[in-house]
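Let me begin by presenting the structure, written as structure tokens, before commenting on it.
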Amino acid sequence: MDNGGHGMHMDLPPFTLSRGLVFTGEPFFLTGCLLLLALYGWGLLRLLRRGDRWPVGRTVAFVLGVLTIGVTMCTRLNDYGMVMFSVHMTQHMILSMLSPILLLLGAPVTLALRALPTAGKGRTGPRELLVKLLHSRFVQVITHPAFTIPFFIASLYGLYFTSLFDTLMKSDAGHIAMMVYFLAVGLMYFWPIMGVDPGPNRPGYLMRMLELFAGMPFHAFFGIAVMMASEPLVSTFSDPPASLGVDPLSDQSAAGGIAWAFSEIPSVIVLVALLFQWYTSEQRQARRTDRAADRDGDKELEAYNAYLASLNARSR
């Protein structure tokens, strides 16, 4: 039995967390992670060398986001994820819902805009291309809720409830492409909601909260549907290697439980981030109002008091 073309993973011992976290250094994602850290570090150093400040929390969030990708894809979790539905679903949830949030909290686009030099009048450099991309029709479409929410839902139902999943799992290239797709879906879905980096679609805080929760019921129902299924949904995991000692239906039920439970974690993280942004925005607005009042002697308040005085005079 070849089990979807990944016969080299057939002799895995029963899964434990310690075995799953053994570093393997999968080359594609290891290279990608190192490149992300190098680019972010380059931008950070440019800011620090010219005396600019950059929030430490953003750096920590971005590094943690990259580490979650590395742990998910550059350890034996990736091997187990090819033969165990539950481990694969854990990878899916991390790459589509946890890693994107942490990466976006790191504000990489903002860092790039501040770190990249301007090309000069009449010239086009990397910074100008990035600005043009951010204002492009393409980015407007892929960050609009009418696109991001259905796209997010399709990454669940359109993948596992069709033959597409089994087709992709027949090769390492297909498996890698699917994992990149999970990460891309998460970034597109959470980018306009998080609102940390600049973008074409920036609704108010309340609307962003509604967008966040719009996709969560579909996510929870997907997890329940997988958990309650009475037969294997995908053939890739229907006949796991005997060395794992895994019952496919029990493992599939665990995968559904992971998908269902995981929907709550990013919702809380994003909600806390949005409430914090909302609070700090109100605080900045209050400080701006106070400074304006100090400059003009609070003329607005004086005018209102004069209006009240005139009403009082008329009533006499």
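In this text, all values refer to a predicted model and were calculated from it rather than measured experimentally.
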Could you check if a side-chain atom of [X] sits within less than 4.5 angstrom of a side-chain atom of [Y], using non-hydrogen atoms only?
{"X": "Met179", "Y": "Phe28", "result": "no"}
{"X": "Tyr189", "Y": "Ile193", "result": "yes"}
{"X": "Tyr157", "Y": "Thr162", "result": "no"}
{"X": "Phe29", "Y": "Ile69", "result": "yes"}
{"X": "Leu133", "Y": "Ser136", "result": "yes"}
{"X": "Val83", "Y": "Pro240", "result": "no"}
{"X": "Phe15", "Y": "Arg19", "result": "no"}
{"X": "Leu105", "Y": "Arg58", "result": "no"}

Handout entry: Verdict with reasoning, Phe62 to Leu102, per side-chain contact (heavy atoms from CB on, under 4.5 Å)
Key = CA-CA 6 Å; Phe62 189 85; Leu102 292 171; over 6 Å; no
Same cluster for [X] and [Y] if Ile/Leu/Val/Met/Phe/Trp/Tyr side chains link at under 4.5 Å?
{"X": "Leu113", "Y": "Val139", "answer": "yes"}
{"X": "Val109", "Y": "Leu47", "answer": "yes"}
{"X": "Val22", "Y": "Val87", "answer": "no"}
{"X": "Ile176", "Y": "Phe23", "answer": "no"}
{"X": "Leu64", "Y": "Leu34", "answer": "no"}

Give a yes or no answer on whether the side chain of [X] reaches the backbone of [Y] with a donor-acceptor pair at less than 3.5 Å.
{"X": "Thr75", "Y": "Gly20", "value": "yes"}
{"X": "Thr24", "Y": "Cys74", "value": "yes"}
{"X": "Ser243", "Y": "Leu12", "value": "yes"}
{"X": "Ser235", "Y": "Ser238", "value": "no"}
{"X": "Gln252", "Y": "Glu231", "value": "yes"}
{"X": "Arg127", "Y": "Pro117", "value": "no"}
{"X": "Asp251", "Y": "Phe85", "value": "yes"}

Nearest 0.5 Å, what's the [atom1]-[atom2] distance between [X] and [Y]?
{"X": "Leu156", "Y": "Phe221", "atom1": "CG", "atom2": "CZ", "value": "12.0 Å"}
{"X": "Phe262", "Y": "Ile94", "atom1": "CZ", "atom2": "CD1", "value": "5.0 Å"}
{"X": "Leu104", "Y": "Trp191", "atom1": "CG", "atom2": "CH2", "value": "9.0 Å"}
{"X": "Thr90", "Y": "Met84", "atom1": "OG1", "atom2": "CE", "value": "9.0 Å"}
{"X": "Phe222", "Y": "Met89", "atom1": "CZ", "atom2": "CE", "value": "4.0 Å"}
{"X": "Leu103", "Y": "Phe190", "atom1": "CG", "atom2": "CZ", "value": "12.0 Å"}

Which atom of [X] lies closest to which atom of [Y], heavy atoms considered:
{"X": "Val66", "Y": "Leu37", "value": "CG1-CG, 3.8 Å"}
{"X": "Gly70", "Y": "Cys33", "value": "N-SG, 3.7 Å"}
{"X": "Leu130", "Y": "Ala112", "value": "CD2-CB, 3.8 Å"}
{"X": "Asn78", "Y": "Glu26", "value": "ND2-CG, 3.9 Å"}
{"X": "Arg123", "Y": "Glu128", "value": "O-CG, 4.0 Å"}
{"X": "Pro100", "Y": "Gly186", "value": "CB-C, 3.6 Å"}

Exercise for the section: Could you walk me through whether Trp54 and Thr110 pass side-chain contact (heavy atoms from CB on, under 4.5 Å), step by step? Expected result: CA-CA 10 Å; Trp54 184 256; Thr110 301; 4.1 Å; yes
Exercise for the section: Count the heavy atoms belonging to other residues, nucleotides or ligands that lie under 6.0 Å from CZ of Phe161, then report whether that count exceeds 12. Expected result: yes
Exercise for the section: Can you establish whether the number of heavy atoms outside Arg137 located under 6.0 Å from its atom CZ is more than 12? Expected result: no
Practice task
Compute the centroid of each ring, for Phe151 and then for Tyr181, and state whether the two points are separated by less than 6.0 Å.
Solution key: yes
Practice task
Please confirm whether Tyr160 and His92 have ring centers closer than 6.0 angstrom.
Solution key: yes
Problem - Check against side-chain contact (heavy atoms from CB on, under 4.5 Å), Thr148 and Ile142 - result: CA-CA 6 Å; Thr148 59; Ile142 67 170; 6.0 Å; no
Problem - Result of checking Met82, Met93, Met178 against His88 for side-chain contact (heavy atoms from CB on, under 4.5 Å) - result: Met178
Practice task
Evaluate side-chain hydrogen bond (donor to acceptor under 3.5 Å, both in side chains) for Ser99 paired with Thr68, printing each intermediate quantity in order.
Solution key: CA-CA 6 Å; Ser99 301; Thr68 58; 2.7 Å; yes
Exercise for the section: Would you check, one step at a time, whether the test side-chain contact (heavy atoms from CB on, under 4.5 Å) holds for Arg46 with Asp52? Expected result: CA-CA 9 Å; Arg46 278 188 62 88; Asp52 290 349; over 6 Å; no
